[in-house]
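Position 1 is the first residue of the sequence, and the numbers go up from there.
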Amino acid sequence: MFATFAEATTVTAHGEGRYGGEIASGWDIGGNANGGYLLALATRALADAVGRPPLSVTAHYLAPGLPGPVEIDVDVIRAGRRMATVSGRLRSGGNDVLAVLGTFADQAVGEGSAIDGAPPRLPPIEQCVRMSPPVDSGFHHRVRGWVRPEDAGFKDGRASGKPEMAGWFELPDQAPIDEFGLLMVADAFAPVVFNHGGFPVGWSPTLELTVHVRGRPEPGPLRCRFFSQFIEHGLFDEQGEIWDSAGRLVAQSRQLALVPRG
């Protein structure tokens with residue numbers, strides 16, 4: 001039986017900033033662990049070191065993550081009364097897989113807001129298309145996602161022509177999604193470059209991923225939208241918005257990834 005998301009991102013403190021964990025089987029795409037899942041696993045250790053949830057984290061991907069034990073080295077750079085800055089490295093088999101830098105703090109409440117945006121307009125879940133990648137994936141059996149029908153045609157050679165993906169997301173059995181789950185959701189949909197139409201559908205390695213956590217989601221499916229504005233020199237950016245069932249923006253993301261080569 002495969003581990004749940006909470007089980008698959010569990011870490012154990014060994015003292016002096018050292019943590020142990022495991023890249024669980026079944027959270028991969030084509031044999032390599034999903035990038036958002038790896039970020040969530042590493043961030044669990046950083047958050048534990050300062051006793052605060054993630055507010056903003058940036059990861060640089062150094063090597064594919066393969067199933068098996070990992071070590072996470074954590075360095076608390078600064079811990080103030082409200083915010084803490086922490087860095088870490090996730091290693092597997094003696095090799096660096098992921099380098100992370102983040103700010104950790106509880107969300108401030110009652111400081112006012114000004115919002116110029118809204119959740120994406122989506123058809124009901126039953127009218128959307130269940131996510132499934134073009135390669136073998138354990139990851140997409142561990143999560144539940146649906147995209148708008150117009151965003152799903154790339155699998156049949158009918159790309160929409162617009163580098164965008166939007167749809168619904170939840171964990172199996174409607175398990176709650178916390179701040180760490182949001183890190184995983186930020187990399188859970190198919191790369192938006194697939195819908196551009198000018199590139200093959202294939203492996204698109206993430207080089208860097210940044211996620212801003214804006215709040216813990218209310219129960220219910222998340223509404224997600226990911227899009228790209230710049231595709232050039234073999235690279236593309238991907239920006240994301242994640243909204244909860246109450247219509248609140250709970251996370252933003254941005255990543256830099258390689259255009260598929262075939």
Evaluate the criterion side-chain contact (heavy atoms from CB on, under 4.5 Å) for residue pair M165 and F227; output intermediate values, then yes/no.
CA-CA 6 Å; M165 297 275 178; F227 60 95; over 6 Å; no
Would you mind reporting whether [Y] and [X] have side-chain heavy atoms less than 4.5 Å apart?
X    : Y    : result
T43  : F104 : yes
P163 : I231 : yes
P120 : W243 : yes
S160 : N195 : yes
R78  : V76  : no
V211 : L39  : yes
P172 : F5   : no
P191 : F236 : yes

Compare every heavy atom of [Y] with every heavy atom of [X], then report the nearest pair and how far apart it is.
X    : Y    : value
A79  : A84  : CA-CB, 3.9 Å
D73  : R18  : OD1-CG, 3.9 Å
A257 : T206 : CB-CA, 4.0 Å
G215 : L182 : O-CD1, 3.4 Å
F226 : G240 : CD2-CA, 3.4 Å
C224 : F169 : SG-CB, 4.1 Å

Linked, directly or transitively: [X] and [Y] (ILVMFWY side chains, under 4.5 Å):
X    : Y    : value
V50  : V57  : yes
L55  : V185 : no
V129 : L222 : yes
V201 : V259 : yes
W146 : I242 : no

Check whether [X] reaches the backbone of [Y] with its side chain - one donor and one acceptor, N or O, closer than 3.5 Å.
X    : Y    : result
D237 : L256 : no
D244 : E218 : yes
Q127 : P124 : no
R52  : R82  : yes
H196 : G198 : yes
D151 : A166 : yes

Using side-chain contact (heavy atoms from CB on, under 4.5 Å), reason through M83 and T85 one step at a time and then give a plain yes or no.
CA-CA 7 Å; M83 297 186 182; T85 302; over 6 Å; no
To the closest 0.5 Å, what do you measure between [atom1] ([X]) and [atom2] ([Y])?
X    : Y    : atom1 : atom2 : answer
S253 : L183 : OG    : CG    : 10.0 Å
T9   : E22  : OG1   : CD    : 12.0 Å
N95  : L90  : CG    : CG    : 11.5 Å
I177 : L171 : CD1   : CG    : 4.5 Å
R144 : D173 : CZ    : CG    : 8.5 Å
D28  : R142 : CG    : CZ    : 9.0 Å

Is R148 salt-bridged to E164, going by a charged N under 4.0 Å from an acidic O?
yes
Regarding E238 and R254, does a basic nitrogen lie under 4.0 Å from an acidic carboxylate oxygen?
no
All N/O donor-acceptor pairs, side-chain side in residues 58-71, below 3.5 Å, sequence neighbours left out:
| residue | atom | partner | partner atom | Å |
| --- | --- | --- | --- | --- |
| T58 | OG1 | T210 | OG1 | 2.9 |
| Y61 | OH | G35 | O | 2.7 |
| E71 | OE1 | R91 | NH2 | 3.2 |

Answer yes or no on whether R44 is positioned over the face of F180, meaning its NZ or CZ is under 6.0 Å from the six-membered ring centre and within 45° of the axis.
yes
F154 ring centre to R158 NZ or CZ under 6.0 Å, with the angle to the axis within 45°?
no
Just jot down the ring pair (Phe, Tyr, Trp, His ring centres under 6.0 Å) partners of Y37, sequence neighbours excluded, or say none.
W27
For the pair V86 and D75, evaluate side-chain contact (heavy atoms from CB on, under 4.5 Å) and give the outcome as yes or no after the intermediate values.
CA-CA 6 Å; V86 192; D75 179 22; 5.9 Å; no
Please determine whether side-chain contact (heavy atoms from CB on, under 4.5 Å) holds for the pair L209 and D187, giving the CA-CA distance in whole Å, both sets of side-chain angles, and the decisive distance to 0.1 Å.
CA-CA 8 Å; L209 170 62; D187 194 43; 4.2 Å; yes
So if I apply the side-chain hydrogen bond (donor to acceptor under 3.5 Å, both in side chains) rule between Q239 and each of Q255, Q252, Q229, which one comes out positive?
Q229
So among D106, V213, D178, which one has a side-chain contact (heavy atoms from CB on, under 4.5 Å) with P53?
D106
Tell me whether the count of non-hydrogen atoms from other residues, nucleotides or ligands lying under 6.0 Å of CZ in R225 goes above 12.
yes
Side chains of E170 and W168: do they bring a donor and an acceptor to under 3.5 Å?
no
